[in-house]
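Presented below is the structure to which this report refers.
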Amino acid sequence: MIYLKTPEEIETMRSSSDLVSRVLGEVARWIEPGISTRKLDTIAREFILDNGGKPACLGYEGFPGTLCIEVNDTVVHGFPSDYILRDGDIIGVDTVVEKDGFMGDSCYTFAVGTVSEDKLALLRTTKESLYKGIEAARIGARIGDVSNAVQTYCEHRGYSLVREMTGHGIGRSMHESPEVPNYGRRGIGPRIQNGMCFCIEPMVNMGSRNIVIGPDGWECRTRDHKPSAHYEHTLAMLNDKLEILTTFDYIQEAIPDKFI
């Protein structure tokens with residue numbers, strides 16, 4: 001069942017969404033060759049706690065980190081570790097913050113040092129597809145319209161979409177109905193209406209769409225080991241207008257010369 005939020009509840013979600021955006025802005029300052037992903041996780045956790053939030057991923061169904069770490073061919077749900085970032089890596093940083101009883105969820109994929117042009121093109125296309133999905137999420141449209149907008153934009157540029165992992169509704173819980181796939185047909189799925197809050201999050205592969213799940217039961221990688229990128233916003237439909245509750249502005253402020 002889709003839980004429609006009141007305007008007051010959406011107003012509360014602005015706070016958690018702003019905080020998760022600020023977390024990614026803070027993490028952005030530290031992303032460079034030579035830092036471990038575990039250090040990034042510690043920075044994020046301390047920032048969330050210092051600002052009155054709760055790291056919602058930490059302990060969720062046993063997940064051991066504040067951040068989901070996605071280096072190179074990791075699609076989603078990688079653990080923070082002693083891995084040291086290297087020049088030329090890309091790293092997706094996905095996290096959820098709880099504040100005042102509501103969740104905010106966002107992801108951004110960063111370039112580490114000097115990154116190859118084919119990886120940069122993947123990042124740009126994935127990020128652009130997020131906004132194509134947002135453009136399609138109009139009042140009265142259907143979720144399939146959003147899914148199709150993301151899929152067609154990426155596939156026309158030679159990339160593939162992960163199908164096993166999807167966007168989702170959000171509110172008091174991290175994952176609510178409806179699912180928001182990154183592929184599909186126009187005109188199908190739930191109709192978008194006022195009070196719906198959901199996350200669009202394209203997960204786009206340079207090669208095949210096929211994935212494998214690691215032995216920890218969490219880490220999802222591309223089967224062909226080619227890079228994958230991931231971007232995400234938390235959204236709310238209010239007064240017939242889709243509002244983007246999260247923002248990448250803090251990331252741009254933190255790394256203006258490296259912002260993609």
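For this chain, numbers begin at 1 and follow the sequence in order.
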Hydrophobic clusters here meaning ILVMFWY residues chained together by side-chain heavy-atom distances under 4.5 Å, can you tell me if [X] and [Y] are in one?
| X | Y | result |
| --- | --- | --- |
| I91 | Y83 | yes |
| I35 | Y108 | yes |
| L123 | V75 | no |

Rounded to the nearest 0.5 Å, how far does CD1 of I90 lie from CZ of F110?
12.0 Å
Please list all pairs passing the side-chain hydrogen bond (donor to acceptor under 3.5 Å, both in side chains) test where one or both residues lie in residues 250-260, with sequence neighbours left out.
D18-Y250
Does F47 have R45 sitting over its ring (NZ/CZ under 6.0 Å from centre, angle to axis within 45°)?
no
Using distance only, find each side-chain donor-acceptor pair of residues 161-170 under 3.5 Å and give its atom names and separation, not counting sequence neighbours.
from	atom 1	to	atom 2	distance (Å)
H168	ND1	M174	O	3.1
H168	NE2	D105	OD2	3.1
H168	NE2	E201	OE2	3.2

Flag the pair L245 / L235 as yes when at least one side-chain heavy-atom distance between them is below 4.5 Å, and no otherwise.
no
So, are R157 and E155 salt-bridged, with charged N and O less than 4.0 Å apart?
no
Answer yes if the side chains of N210 and D224 hold a donor-acceptor pair under 3.5 Å, and no otherwise.
no
Just by distance, with hydrogens left out, do Y3 and E9 show a side-chain donor and acceptor under 3.5 Å apart?
yes
Where do D145 and R186 land on the salt bridge (Lys or Arg N to Asp or Glu O under 4.0 Å) test, with the steps shown first?
CA-CA 4 Å; D145 301 337; R186 295 189 188 96; 5.6 Å; no
